[in-house]
Undergrad: 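Next up is a structure, given as structure tokens.
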Amino acid sequence: MHEENLPANLLKRIEELRTREQSYLEDELYSTEALTNKTYREKLESMFSLDPLGPLPPRQ
């Protein structure tokens, strides 16, 4: 599988999201870019689920 390169504006957006609260990242998952660009969506999902310093998910 080949890996697509993300446009510079999306790379910049990812860097901005790293410094924000988790709720910004959750909102970004529903952005037009995340819904239409598979590579961007995968990058966001990996940041969301693999952040070792982020809060734990709620207990169910």
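Values below: every heavy atom of this structure, side chains too, minus hydrogens, waters and symmetry copies. Sequential numbering from 1 along the given sequence is applied to the chain's residues.
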Undergrad: With sequence neighbours left out, write down each residue that passes salt bridge (charged side-chain N to carboxylate O under 4.0 Å, His left out) with Arg20, or none if nothing qualifies.
TA: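 For Arg20 there are no salt bridge (charged side-chain N to carboxylate O under 4.0 Å, His left out) partners, ignoring immediate neighbours.
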Undergrad: Not counting sequence neighbours, which residues clear salt bridge (charged side-chain N to carboxylate O under 4.0 Å, His left out) with Glu16? List them please.
TA: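 Testing Glu16 for salt bridge (charged side-chain N to carboxylate O under 4.0 Å, His left out), a comparison that skips the adjacent residues, returns Arg13.
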Undergrad: With Pro7, which of Asn5, Asn9, Leu11 fulfils side-chain contact (heavy atoms from CB on, under 4.5 Å)?
TA: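 For Pro7, the side-chain contact (heavy atoms from CB on, under 4.5 Å) test succeeds with only one of Asn5, Asn9, Leu11, which is Asn9.
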Undergrad: Rounded to the nearest 0.5 Å, how far does CD of Glu33 lie from OG1 of Thr39?
TA: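 The distance works out to 13.5 Å.
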Undergrad: Should Glu15 and Arg18 count as an ion pair when the cut-off is N to O under 4.0 Å?
TA: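 Salt bridge between Glu15 and Arg18, a charged N being under 4.0 Å from a carboxylate O: yes.
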Undergrad: Report the distance from atom OH of Tyr40 to atom CG of Leu6, rounding to the nearest 0.5 Å.
TA: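 Separation between the atoms: 8.5 Å.
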Undergrad: To the closest 0.5 Å, what do you measure between CG (Asp27) and CD (Gln22)?
TA: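 These two atoms lie 11.0 Å from each other.
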Undergrad: Output the distance between atom NZ (Lys12) and atom CG (Leu17), rounded to the nearest 0.5 Å.
TA: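 One finds 12.0 Å between NZ of Lys12 and CG of Leu17.
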Undergrad: With rounding to the nearest 0.5 Å, note down the distance linking CZ in Arg41 to OG in Ser31.
TA: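 It is 8.5 Å, given to the nearest 0.5 Å.
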Undergrad: To the nearest 0.5 angstrom, please state how far the NZ atom of Lys43 sits from the CG atom of Asn37.
TA: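 Reported to 0.5 Å precision, the distance equals 13.0 Å.
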Undergrad: Which heavy-atom pair separates Leu29 from Ala34 by the least distance, and what is that distance?
TA: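 For Leu29 and Ala34, the tightest heavy-atom pair comes out as O-CB, 3.6 Å.
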